Amino acid sequence: MSKSFFIDTTVCTACRGCQVACKQWKNLPAEITKNRGTIENPADVSFNTYKVVRMREEVIDGKLRWLFFPEQCRHCIEPPCLDTAGDKSAIFKDDATGAVIYTAKTKGLNAKEIIESCPYNIPRKGKNGALAKCDMCLDRVQNGLLPACVKTCPTGAMNFGERDEMLAIANKRLGEVKKISQAARLLDADDVRVIYLVAYNPELYHKFAVASVDNLGITRQTALAKMFRPVKNIASGLV
Amino acid sequence: MTNHWIDLKNSDCILIMGSNAAENHPISFKYVTMAQQSGGKVISVDPRFTRTSSKADIYAPLRSGTDIAFLGGMIKYILENKLYNEDYVVNYTNATFLLNNDYAFKDGLFSGFDPQKKSYNKSTWTFVNDEKGIPKRDLTLKDPRCVINLLKDHYSRYDLALVSKITGTPEANLMEVYKAYAATGEKGKAGTIMYAMGWTQHTVGVQNIRAMSIIQSLLANMGVAGGGVNALRGESNVQGSTDQALLWHILPGYTNIPKASQASLDVFLASIKPESKDPMSVNWKQNYPKYAVSMFKSFFGENATKENEFGYHLLPKPDDGKSYSWLDIFDEMYKGSIKGFFAWGMNPACSSSNAGKVRKGMAKLDWMVNVNLFDNETGSFWKGPGMKPSKIKTEVFMLPAAVSVEKEGSITNSGRWMQWRYEGPKPLGNSKPDGDIIMELGNMLKEAYKKDGGQFPDPILKLKWDYMTNGKYDPHKIAKEINGYFLEDATVNNQAFKKGDLVPSFVFLQGDGKTSSGNWIYSGSYTGKGNMSARKSQKDVASNIGLFPEFAWAWPVNRRIIYNRAAVDMTGKPNDEKRWVVKYTFEQKDGKYVPGKWEGDVPDGPAPPLQNPDGTPRADGKHPFIMQKDGLAAIFGPGLADGPFPEHYEPMECPVEKNFMSGQLVNPTAPVYGTDADTFATCDPRFPYVGTTYRVSEHWQTGLMTRPQAWLLELQPQVFVEMSEELAKLKGIKNGERVKVASVRGAIECTAVVTKRFKPFKIGDSIVHEVGMPYNFGWRWPVSGKEESPNLLTPSTGDPNTRIPETKAFMVNISKIKRG
């Protein structure tokens, strides 16, 4: 059993039910926020916020598009953070699902190094020094439930299941969306368990939408170059 | 909704106009997405590019308050390019009817206008009848006085250039929308409309929807799967509360309320009984007298007798010509004529238009009872901004109410589905279900009137009030009362019933006091077979169009798509063979066609269709629109206060000095109130920008249930004003800074959201800017007290038919805040 998410941004309405469901299931405290001239909030993922729906207004081919990107941990197939930590009591991969799990022992890790190792800039350090991020709702999944964010999604943007099944849906949808937008693609599908479908250039959605060595701290670049190809060449083999 | 939520998936083209479904009805987008993925088109027409627009195939901007100009242009386009469905228009609508020779329309006014009374004498808005009293029809559509030709005349003025000049929608966008939507007139295609308060909250609210009804009738989109006219209700049980008459002008089941001048039951019953001489018209509303008497039996039980006209004289009767709507209540309160007030599940200090007037009105009350989950800006109005508590005499009582999941009962969703809910957790602390509060209040009123007498105690003393079991409100007793009982042994329609039996459906209701029913349209919901609304079967109909007829229960008689007889041709064959709703199969006997049966959804009556399969007419066939007096869809609609055809008028506050369509600037019949709080500013340089209000996904109504909720406040922490980059530049406003937004009635502070999603409009020769604010805020939460309700800016005027306030189009100014 190996699990994956398929996130179809083309049908995401940014209702942000997923953001709230995540906090509710995990009982994470709310952050004190301000309207920053956008309704996107909080401003970033944090120790208490594992999921943020990014919202970008872009004019593409003369037409206004409002692009939504529900950002979360990608649960990499070969997680650089896990390699970097080198301590399975702090960061480990759940064999059954492939979920990348952070424990309270992340307190003992070099947080900066772990964060820098992530090609998607996801983990965040809490006041107690520990790191936190999405855990695939492992407690729910192990009990036969969908992750909270997937369960709450009204449109089918958030999907979760066996990896083969998710890849099949992802490729089917890619074919459909390609008919409308040539630029449509799946993001890093071979390397991650959270597979996004976007209709336009992924960089327009979010700086860290795709893995890129440019996203990494200098110290980790060499070690990870083998895993993540430069952004320009990441055409998924599945296309 | 004539259709229902799931049915959206069946549509070939979904027009989302006057609503922002992705944000405010997020679950609806499950079905919108399904339609889109099956090849359907989604069109979003909105002053602002919304989360709905982001998912649409076509987006067109329009200036708030100009929907009739936009839709009138579509009517013209459909008629002139003959894109209407001719079979449907000729046979199923009143397009063929000949109009009274004196009916006329000139320079923005229909015939019969009385400028003193600001109302119409509608005596010329009538049809020419034949010698039998049946409307004369011209099936060739050639007579210049037939409805379709007067419709053509009326909308001939709505040409593309003029519509664009009024709406600010570029001509290319108009054409794109018109073409895509008009394509649903083709046989077997279905187009639908999703609208909400963006259409209703205008001085032309009802006519916005009328305009769409005309389009749906022309394109044969009524009665079909994926079609209809669909109102997205603003709260989960608004449909139910409207059905049960939580409005002043109707009794349950859309029965007109008796007027003071209707001195006897017979006079009243005659007024609610339309007459048709056409044997092909079912004219279902002629049954209303039976439903009314059964309702009075339900209200007053054994105290309603033939001798006392079934309690008719115990009913409240509004004065003729006087309105008692929301706007009127708060106008009277402001003037000091109302002493006591129950705010029940409402937060008018934030939800009401011209909320400043409302808050001042509350200070003139002797007492207020606030029934709600939490304290709110209404219950705490006396300590709100600008109030001096020491000067306010109003005594406020708070009755804590249980939340929906803590009580048993039904809700009715927008799709008319009555769904039963069970009690989850027990109510907290001293809070009680609304039913208990009402029952106890009624009991105490009865005791007080019994003890002290007082003015006319009979309506209270004689009210049937036995809906408690073991001292608690019993929702099953109420649900059964609404369904109705046989009050005596009776044989109806060849079936024998015993006293105390539940009525199987309204078809069995009687006008002689032998039956009761609290609301005829819900008759059939709780029968001898049980509580139909609690059903959970997930079995669909044969055509798999998502009717799920044994899941919950839909009024009337579990019909899932209203006017479904219009989904078949004259012989009963579905126009859309794949997504068929109903179909009729005749039987043959001795070489003749004899009545057979309908399959699929519950049809609008059992009568056979109008023709035999060989095209010969049937004497027992019936027209499809059974709730219309003449049995046909009303393209010409003589019943409204402001005209039989929708006409573009500017909002009460607008950015233009002249209506480009006519000499009549605003709706001549729109209500205006006369207090010092009722000020308007049209073409006033102090208020140069169009303002509008809307909602956000993250808050619910005035935000009472969501603003104290930290996770939701995290997402939408502050009231904001959205504006174009162009306007921000003009005013030197930076994205994210706090600004002042003011109308002639009030001012609030908002965070500026400068966005590409608002664009300036070209109106006539001028550039008009529009800004928008979410109405979900109020000073009580967040605790800063600075996030106030944009309804402090909106005006006290509204639609002349419904008096729903015009909160969607008004004039404002916006300015930087100078600190220190």
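Here is the naming used below: chain letters follow the sequence lines, and residue numbers restart at 1 for every chain. Heavy-atom basis, side chains included; hydrogens, waters and symmetry copies ignored. What you see is a predicted model, and the numbers here were worked out from it, not measured in a lab.
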d(A:Thr38 OG1, B:Asn735 CG) to nearest 0.5 Å is 8.0 Å

With sequence neighbours excluded, tell me which residues meet side chain to side chain donor-acceptor pair (under 3.5 Å) with A:Thr13. none

For A:Leu28, which atoms come within 4.5 Å of any heavy atom of chain B: side chain, backbone, both, or neither? backbone

Within this structure, what is the CH2-SG distance for the pair B:Trp711 and A:Cys22, rounded to the nearest 0.5 Å? 10.0 Å

Find the distance between OG1 (B:Thr751) and NZ (A:Lys34) and round it off to the nearest 0.5 Å. 7.5 Å

Do B:Lys756 and A:Glu58 make a side-chain contact, defined as non-hydrogen atoms from C-beta onward lying under 4.5 Å apart? no

If I measure from the heavy atoms of chain A, does B:Gln37 come under 4.5 Å with its side chain, its backbone, both, or neither? side chain

Using heavy-atom distances under 4.5 Å, tell me whether A:Gln24 contacts chain B through its side chain, its backbone, both, or neither. both

For B:Ala710 against A:Ala30, the heavy-atom pair lying closest together: O-CB, 3.3 Å

Heavy atoms of other groups near B:Lys816 NZ, more than 12 under 6.0 Å: yes

Toward chain A, the part of B:Thr52 with a non-hydrogen atom under 4.5 Å: neither

OG-CZ distance between B:Ser697 and A:Arg16, expressed to the nearest 0.5 angstrom: 7.5 Å

Of all of A:Val20, A:Ile180, A:Asn41, which one pairs up most often with chain B through heavy atoms under 4.5 Å apart? A:Asn41

With a 6.0 Å cut-off (strictly less than), is the heavy-atom count around NZ of B:Lys759, excluding the residue itself, greater than 12? yes

Using a 4.5 Å heavy-atom cutoff, which residues in residues 122-139 of chain A come close to chain B? none

Please look at B:Glu698 and chain A and tell me whether the side chain, the backbone, both or neither of the residue comes under 4.5 angstrom of a heavy atom of that chain. side chain

Output all residues satisfying ring pair (Phe, Tyr, Trp, His ring centres under 6.0 Å) with A:Trp66, sequence neighbours left out; order by chain, then residue number. A:Phe68

B:Arg51 side, atom CZ; A:Cys12 side, atom SG - distance, nearest 0.5 Å: 9.5 Å

Could you state the interatomic distance from CZ (A:Arg65) to OG (B:Ser53), rounded to the nearest 0.5 Å? 11.5 Å

Heavy-atom pairs under 4.5 Å with chain A: which of B:Lys55, B:Gln36, B:Met34 has the most? B:Lys55

Taking NZ in A:Lys26 as the centre, count heavy atoms belonging to other residues, nucleotides or ligands within less than 6.0 Å. Is the count above 12? yes

Give a yes or no on whether B:Lys740 atom NZ has more than 12 heavy-atom contacts from other residues, nucleotides or ligands under 6.0 Å away. no

I need the residue from B:Val32, B:Asp57, B:Thr50 with the largest number of non-hydrogen atom pairs under 4.5 Å to chain A. B:Thr50

Checking heavy-atom separations under 4.5 Å from chain A, one finds in residues 712-729 of chain B B:Leu712, B:Leu713, B:Glu714, B:Leu715, B:Gln716, B:Pro717, B:Gln718, B:Phe720

Report which part of B:Ala752 has an atom under 4.5 Å of a heavy atom belonging to chain A: side chain, backbone, both, or neither. backbone

Go through the atoms of A:Thr9 and report whether side chain, backbone, both or neither lie under 4.5 Å from a heavy atom of chain B. backbone

Taking everything shown except A:Ile32 itself, do over 12 heavy atoms lie less than 6.0 Å from its CD1? no

